[in-house]
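Structure record follows, encoded as structure tokens.
Throughout, a chain's letter reflects where its sequence line sits, starting with A, and its residues are numbered from 1. Fair warning: this is a prediction, and the values are worked out from it, not measured in the lab. These numbers come from the heavy atoms of this one structure, side chains and all, not from hydrogens, waters or symmetry mates.
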Amino acid sequence: MDTTEKIAMVKRPPTEEVLTTADLKTFFDEGRHIRHYIGFEISGLIHLGTGLMTGAKIADFQKAGIDCSVFLADWHAWINNKFGGDMETIQRVAVGYFKEGLAVSIAAMGGDPDKVRFVMGSELYRDSESYWTNVINISKNLTLARVRKSITIMGRQQAEDVNFAQLIYPPMQVADIFEQDLSLVHSGMDQRKAHVIAREVAPKLVREKPVAVHHRLLLGLNQPPVWPVEKEKLRELWSQMKMSKSIPKSAVFIHDSPEEIHDKLKQAFCPAQNTDFNPVLDWAKTILFRDGEAEFVVHRPKKFGGDITLYDYSSLETAFAQGDLHPLDLKTAVAERLVDLLAPARDHFSKPKYAKMLEELKEIKVTR
RNA sequence: CCCGACGUGGUCUAGUCUGGCUAGGGCAGUGGACUGUAGAUCCACGUAUCGCCGGUUCAAAUCCGGCCGUCGGGACCA
């Protein structure tokens with residue numbers, strides 16, 4: 001695979017942006033060993049936005065010869081009060097449910113989880129003086145205002161009251177990157193503030209800027225809080241429109257049963273003929289038509305036109321916009337495809353050992 | 001440490017001064033009706049140790065005392 005093809009692989013949907021393509025090209029041209037990471041707070045159930053979007057990109061990165069890793073951010077989860085701020089629970093879930101869930105998600109999207117390094121935050125920090133030196137050096141190059149603005153990476157509103165530990169979180173996230181000598185940092189668009197800080201601060205600490213790749217966020221299935229969506233305020237609104245595990249009906253989880261998947265999609269917000277911010281259409285585009293093309297079969301009763309098959313996203317969108325495809329038929333078809341796609345995750349978590357992990361997790365009180 | 005404001009269902013909040021019907025409302029949520037989906041609309045419904053402890057009283061969210069917490073201000077600054 002040549003540089004052009006590798007870059008195309010990195011940029012393949014659902015990638016939303018690469019900071020910057022020029023830097024990435026340099027890495028490939030120099031034939032460098034590229035160390036990647038994507039980090040997660042350990043919290044509740046893994047939904048499609050976490051599992052499938054991550055899996056899709058890791059699969060692509062591996063094809064481009066990139067060395068991938070998943071960072072299990074136990075300290076960050078602790079700071080951000082996940083699982084009631086109970087570190088023991090966080091760490092148990094991290095090496096249990098969370099690691100399993102991500103591995104099976106990566107596999108479901110065509111990646112090889114056995115070649116992904118899983119790194120625990122606490123292991124990285126243990127006995128590492130350089131880590132905390134990095135935290136301080138990074139902090140010395142940030143203002144309080146800048147850190148406060150970046151607080152949205154924790155899923156917190158900027159105005160929301162935060163405790164002092166939470167202000168240490170963003171510099172730590174940047175230090176995670178430096179400590180592991182990463183050259184390609186990856187996340188959803190919601191984490192871009194941290195990566196932009198990493199890129200800005202890196203030269204000041206005489207380090208190379210890491211390339212940042214951000215994939216798009218999946219819409220939640222619920223109606224956006226502001227409808228119709230004001231496009232001028234899109235940046236701020238995204239955090240309220242994205243899939244959220246704390247709004248159960250906005251999300252499908254990787255191990256949901258076929259019945260749950262169908263039920264959640266049936267209840268999804270899906271205004272007829274409307275193609276903007278329509279979550280069902282968004283999921284079809286982002287998950288099922290990744291490259292714009294797929295074989296998408298819509299089963300429907302004869303009185304509504306009978307079965308049809310669509311082969312690219314634009315014709316799907318056109319059919320929906322013109323009212324040739326009813327929302328309910330679209331929902332059912334998307335649900336059917338998701339049921340198939342998630343089969344490996346569902347099967348994995350039906351095995352007694354992993355089913356138990358999932359059950360235990362559901363019983364633990366999840367705090368936001 | 002001192003002064004002040006505040007602490008009511010998931011959330012925002014009315015009620016506290018002038019104690020007293022089943023603590024009211026908005027939003028969110030749930031169920032139903034209507035649409036071949038959802039939403040919108042209409043109908044119905046649930047949920048509160050009124051921050052904690054004690055006191056006064058026939059009766060306390062309401063009055064009194066103490067404590068805890070949040071926010072703001074002040075003091076301390078050899």
Side-chain angles (χ1 to χ4, degrees), chain A residues 43-45 47-49 79-85 144 148 151 154-167 218-231 233 236-253 256 258-288 296-308 310 316-339 362-368:
Chain A
S43 54
L45 301 174
H47 63 214
L48 305 189
I79 289 172
N80 208 14
N81 264 326
K82 295 301 158 69
F83 294 119
L144 177 58
R148 293 201 74 207
I151 229 76
M154 297 188 266
R156 305 276 165 191
Q157 298 287 326
Q158 199 180 321
E160 199 172 346
D161 285 333
V162 291
N163 60 46
F164 190 75
Q166 289 173 309
L167 295 173
L218 286 177
L219 284 173
L221 290 178
N222 50 326
Q223 177 173 212
V226 182
W227 187 264
V229 175
E230 301 169 52
K231 295 195 177 174
K233 295 184 182 170
E236 303 93 280
L237 288 176
W238 253 107
S239 66
Q240 298 176 52
M241 299 199 300
K242 71 175 184 180
M243 187 184 298
S244 164
K245 54 183 158 288
S246 56
I247 306 174
K249 280 167 54 176
S250 79
V252 163
F253 300 107
D256 275 350
E259 296 71 37
E260 286 171 316
I261 293 170
H262 277 280
D263 188 53
K264 286 177 178 177
L265 270 134
K266 183 171 184 323
Q267 291 190 58
F269 177 68
C270 186
Q273 300 187 43
N274 189 314
T275 58
D276 280 341
F277 306 102
N278 182 317
V280 183
L281 223 40
D282 176 66
W283 287 22
K285 179 181 184 175
T286 310
I287 302 170
L288 306 176
F296 187 74
V297 181
V298 180
H299 298 289
R300 57 184 181 185
K302 278 161 253 68
K303 65 171 175 174
F304 295 130
D307 295 358
I308 50 165
L310 298 145
L316 172 70
E317 190 176 278
T318 304
F320 188 77
Q322 293 177 344
D324 296 334
L325 180 60
H326 189 275
L328 183 57
D329 296 325
L330 171 67
K331 287 177 168 183
T332 305
V334 169
E336 283 171 5
R337 285 294 300 118
L338 284 179
V339 167
K362 284 179 177 173
E363 282 170 24
I364 300 169
K365 192 181 176 197
V366 177
T367 54
R368 92 169 262 283

If you measure from the [atom1] atom in [N] to the same atom in [M], how many Å do you get, rounded?
| N | M | atom1 | result |
| --- | --- | --- | --- |
| B:rC12 | B:rU22 | P | 28 Å |
| B:rC3 | B:rG10 | C1' | 35 Å |
| B:rG15 | B:rG69 | P | 28 Å |
| B:rU11 | B:rC77 | C1' | 42 Å |
| B:rU47 | B:rC6 | C1' | 25 Å |
| B:rU49 | B:rA23 | C1' | 14 Å |
| B:rG29 | B:rG39 | P | 9 Å |
| B:rG9 | B:rC53 | P | 15 Å |

Quiz item: Is A:K331 side chain donor-acceptor paired with the B:rU37 base, going by distance under 3.5 Å alone?
Solution: yes
Quiz item: Under 5.5 Å between ring centres and under 30° between planes: true for A:F304 and the base of B:rG36?
Solution: yes
Watson-Crick/G-U partner (both atom distances under 3.5 Å) of [N]:
| N | result |
| --- | --- |
| B:rA14 | none |
| B:rC1 | B:rG74 |
| B:rC42 | B:rG32 |
| B:rG65 | B:rC53 |

Quiz item: Under 6.0 Å from the NZ atom of A:K264, do we count more than 12 heavy atoms belonging to anything else shown?
Solution: yes
Quiz item: Looking for any heavy atom pair under 4.0 Å, which part of the strands does A:D329 touch: base, sugar-phosphate only, or nothing?
Solution: base
Quiz prompt | A:Q223 vs A:R300, nearer the 5' end of RNA chain B by closest nucleotide | solution = A:R300
Self-check item: Short side-chain to backbone donor-acceptor contact, A:K331 and A:K266, under 3.5 Å
Solution: yes
Quiz prompt | Heavy-atom donor-acceptor pair, A:D256 side chain to A:F253 backbone, under 3.5 Å | solution = yes
Over how many whole Å does the gap from [X] atom [atom1] to [N] atom [atom2] extend?
| X | N | atom1 | atom2 | result |
| --- | --- | --- | --- | --- |
| A:D282 | B:rU37 | CG | C1' | 17 Å |
| A:Q267 | B:rG36 | CD | C1' | 16 Å |
| A:K266 | B:rG39 | NZ | C1' | 12 Å |
| A:L328 | B:rU35 | CG | P | 15 Å |
| A:K264 | B:rG39 | NZ | C1' | 19 Å |
| A:N274 | B:rA38 | CG | P | 17 Å |
| A:L265 | B:rG36 | CG | C1' | 17 Å |
| A:D276 | B:rA38 | CG | P | 22 Å |

Quiz item: Which atom names give the shortest non-hydrogen contact between A:N278 and A:F269, and what distance separates them?
Solution: OD1-O, 4.2 Å
Quiz prompt | Counterpart residues, salt bridge (Lys or Arg N to Asp or Glu O under 4.0 Å), relative to A:R337 (two or more places apart) | solution = A:D340
Quiz prompt | Reference residue A:V298; test side-chain contact (heavy atoms from CB on, under 4.5 Å); the match among A:T332, A:D307, A:L330, A:L310 | solution = A:L310
Quiz item: Should A:K249 be listed as having a side-chain N or O under 4.0 Å from OP1 or OP2 of B:rU30?
Solution: yes
